[in-house]
Amino acid sequence: MIEIELDGKKVEISEGSMVMHAADKAGTYIPHFCYHKKLSIAANCRMCLVDVEKMPKPMPACATPVTQGMIVRTKSDKAIKAQKSVMEFLLINHPLDCPICDQGGECQLQDLAVGYGGSSSRYEEEKRVVFHKDVGPLISMEEMSRCIHCTRCVRFGQEVAGVMELGMSHRGEHAEIETFIGQSIDSELSGNMIDICPVGALTSKPFRYSARTWELSRRKSISPHDSTGANLIVQVKNNKVLRVVPLENEEVNECWIADRDRFSYEALNGDERLTAPMLKQGGEWKTVDWQTALEYVANGLKQIKTNHGAKSIGALVSPHSTLEELHLTGALVRGLGSENIDYRLRNAEFEVADKARYLGTSIASLSHLESVLVVGSNLRKDHPLFAQRIRQAAKLGCEVSSLNAQTPDWALPVSHTLNVPAADWVKALADIAAAVAAEKGVEAPAAVAVTDAARAIAHSLLAGERKAILLGNAAAHHAKASSLLALANWIAAQTGASVGYLTEAANTVGAQLAGALPGYDGLNAGQMLSGALKAVVLLNTEPEQDSAAGAQAAIELSKADMVVTLSPFKANMAFSDVLLPVAPFTETAGTFVNAEGRVQSFHAVVRPAGEVRPAWKVIRVLANMLGLPGFDFESAQEVLASMHKDNGGVPAFVPAVRLGNASTASIDLSAATSEPVVAAIYQLDGTVRRATSLQLTADGRANATPSAQEALA
């Protein structure tokens with residue numbers, strides 16, 4: 001540690017740190033634009049000039065290393081004069097459009113100009129004009145004359161997103177931030193550039209001119225999409241969600257969020273929202289009141305149970321639903337006498353585990369891995385924030401290995417790649433296990449040949465201390481998922497690696513804990529989607545897009561006597577008999593359990609639209625109408641508390657005894673007979689699928705259905 005004096009205070013800081021780091025530690029604010037704690041040091045704005053004793057000129061705090069005994073003054077006349085001079089230069093060409101600027105009210109330049117800017121300018125020349133650029137549907141670069149060339153956006157793309165989509169062309173007064181030859185910005189993390197831009201040069205295209213920052217209410221929430229459980233600030237005006245930005249949480253999402261977390265809110269204000277119950281009568285949909293709709297469902301379930309037995313009733317639920325919704329749906333189905341409930345709609349194999357399968361390590365630890373093997377995942381698109389952490393680990397020397405069907409474009413260096421068809425993944429993983437066995441001098445779990453690629457991956461996993469084997473969405477949905485897990489566990493035991501699933505959805509772990517799985521004699525999702533039921537309850541899911549059955553699901557479900565859809569959207573209309581409008585995550589309270597087992601509860605940020613009701617309330621009332629006991633809950637918090645009444649309260653993390661990644665299956669080396677079904681990045685759930693701006697991106701267009709592509713054209 002080194003001790004310096006900062007504005008008369010002694011500060012201890014590690015060797016190699018900059019003056020800015022010491023100031024942060026001491027709680028002293030030094031004005032800056034280009035410096036960002038998550039990005040490399042550029043030292044090009046010069047706003048952080050400070051007075052360092054024995055230095056002839058002011059020095060940039062962000063790029064000046066500390067030395068023992070250094071004396072720094074951030075508020076001396078010399079420092080203040082230097083900072084004001086820099087501000088004067090920055091404002092020479094900056095347009096005088098604060099009254100109409102979207103960044104007004106949250107602009108660093110505006111804020112610092114109050115303290116360091118002059119009351120008038122000495123420059124009378126015309127201001128520079130930079131023409132706007134069209135870089136896609138998410139980021140607006142309409143006002144690039146405001147850019148102060150801090151290069152935060154450039155460094156973010158290069159260092160965090162892994163794709164340098166923006167750069168600075170030309171020099172001096174002609175310098176501009178732009179893409180390469182008019183290309184669009186297509187990174188799945190691109191929206192973070194809006195947050196880190198210190199002026200109004202990069203703004204949100206969907207939010208542009210919607211509201212002033214001081215008009216917005218800010219409310220905390222949790223992302224309902226992938227399994228990161230990103231912490232959000234949802235910004236609201238007139239009971240309408242207008243913007244979503246990250247809430248910093250170093251252990252989960254740091255200060256970043258993925259674009260689908262940021263822009264999916266558009267669907268909540270879209271034309272496809274279901275705002276009142278609907279019944280299909282004579283082949284036509286008609287709007288009805290809640291009493292009529294619920295009586296129809298309750299009477300239908302009673303009649304079907306009487307005529308066909310309770311086992312003809314089942315529920316297919318989305319792992320994007322809250323813990324409370326999943327728990328009550330399971331209780332409803334079981335209260336009727338059925339064990340038919342499942343969240344694993346995209347799975348091809350349905351092994352039942354004793355414990356909830358999860359990441360196997362903490363999310364934060366991904367940033368510090370020394371070796372990692374990712375099996376069956378398009379990591380960058382399936383889990384953008386996990387990929388970002390592994391990208392940081394790779395920059396520190398982590399060896400990343402991949403077992404996939406094709407070479408992944410993860411925007412990070414992949415040291416070892418084993419590309420084989422998905423049907424042969426078990427054999428390929430067995431090859432890696434055999435290579436590990438040969439190195440360790442133990443018997444391999446399966447008799448196979450060892451390839452050079454498998455040997456390289458084995459060497460990587462045997463080296464170092466912090467290592468992990470991560471099974472992706474395609475591995476979880478694989479026809480031989482249990483064999484893949486069994487081999488991963490064997491390799492992990494021999495190499496000292498952790499093993500776990502990246503897990504697909506916001507509440508995949510929670511769905512297991514809530515009991516959204518078939519009981520002893522219950523039907524799994526594959527069986528229910530094959531036309532085995534007379535009454536089907538669909539919670540927040542659209543089987544045509546959300547299941548391995550695809551279009552066949554609609555054909556089979558249309559054979560049921562009654563299909564009930566609980567959704568925020570007008571979904572499943574081709575084969576449903578009743579639509580019940582339930583609240584999306586912004587209009588209800590609930591809980592998600594992320595990949596690492598972190599329990600995160602949230603509240604509604606806006607009132608429900610129209611006649612929309614929280615799904616847990618709808619299920620509770622339906623259970624009461626059916627005469628089922630144990631559904632007397634007044635709030636989502638009561639539902640959650642009832643689930644943990646024997647555990648001394650709701651834990652911050654799922655207890656370790658309830659988490660595990662064991663597999664009791666024998667290893668089957670034969671080729672799988674079906675391809676694993678994985679959702680594309682902007683097809684993951686109903687909310688993302690209906691977010692217009694996301695569907696207009698390169699990823700959205702590439703993976704849209706034919707009908708959606710026609711609509712976007």
Could you check S693 against E266 for side chain to side chain donor-acceptor pair (under 3.5 Å), going step by step and ending with a plain yes or no? CA-CA 8 Å; S693 295; E266 280 189 298; 2.9 Å; yes

Trace of the salt bridge (Lys or Arg N to Asp or Glu O under 4.0 Å) decision for R689 with D546: CA-CA 11 Å; R689 282 194 290 271; D546 295 336; 2.9 Å; yes

Evaluation steps, side chain to side chain donor-acceptor pair (under 3.5 Å), between E349 and H478: CA-CA 7 Å; E349 186 189 73; H478 199 273; over 6 Å; no

For E159 and S40, what are the C-alpha separation, side-chain angles and deciding distance, and is it a side chain to side chain donor-acceptor pair (under 3.5 Å)? CA-CA 8 Å; E159 300 165 14; S40 63; 2.4 Å; yes

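Aromatic ring centres of W256 and H36: separated by under 6.0 Å. You'll find the ring centres of F602 and F592 inside the 6.0 Å limit.
Between the side chains of D261 and H225, no donor-acceptor pair of N or O atoms lies under 3.5 Å. Between the side chains of E504 and S227, no donor N or O sits under 3.5 Å from an acceptor N or O. When only modelled atom types and interatomic distance are considered, D226 and T228 share a side-chain donor-acceptor pair under 3.5 Å. Side-chain contact of E254 with Q388: a donor-acceptor pair under 3.5 Å is present, judged by distance alone. A donor-acceptor pair shorter than 3.5 Å can be found between the side chains of T591 and E324. A donor-acceptor pair shorter than 3.5 Å can be found between the side chains of Q600 and N231. For the residue pair S415 / E399, no side-chain donor-acceptor distance below 3.5 Å is found, with atom types taken as modelled. If you check the side chains of N404 and S377, you find no donor sitting under 3.5 Å from an acceptor.
Listed here is the closest heavy atom pair of R260 and P384: NH2-CD, 3.6 Å.
Checked for salt-bridge contact, R357 and E351 meet the test: a charged N lies under 4.0 Å from a carboxylate O. Salt bridge status for K467 with E370: absent, with no side-chain N to carboxylate O gap under 4.0 Å. With respect to the salt-bridge test (charged N to carboxylate O, under 4.0 angstrom), the residues E251 and R389 do not qualify. At a threshold of 4.0 Å, the pair R262-D195 counts as salt-bridged, since one of the basic side-chain nitrogens sits closer than that to a carboxylate oxygen.
One N or O on the side chain of H477 and one on the backbone of N473 form a donor-acceptor pair closer than 3.5 Å.
Legend: residues meeting ring pair (Phe, Tyr, Trp, His ring centres under 6.0 Å) with H383, ordered by chain and number and at least two apart, are F386. With sequence neighbours excluded, no residue forms a ring pair (Phe, Tyr, Trp, His ring centres under 6.0 Å) with W490.
Tested against F585, the residues N540, L232, V605, T322 include a single side-chain contact (heavy atoms from CB on, under 4.5 Å) partner, L232.
The number of heavy atoms from other shown groups lying within 6.0 Å of NZ (K9) does not exceed 12. Within a 6.0 Å radius of NZ in K220, other residues, nucleotides and ligands contribute 12 heavy atoms or fewer.
Using a 4.5 Å heavy-atom cutoff, the side chains of I457 and L418 are in contact.
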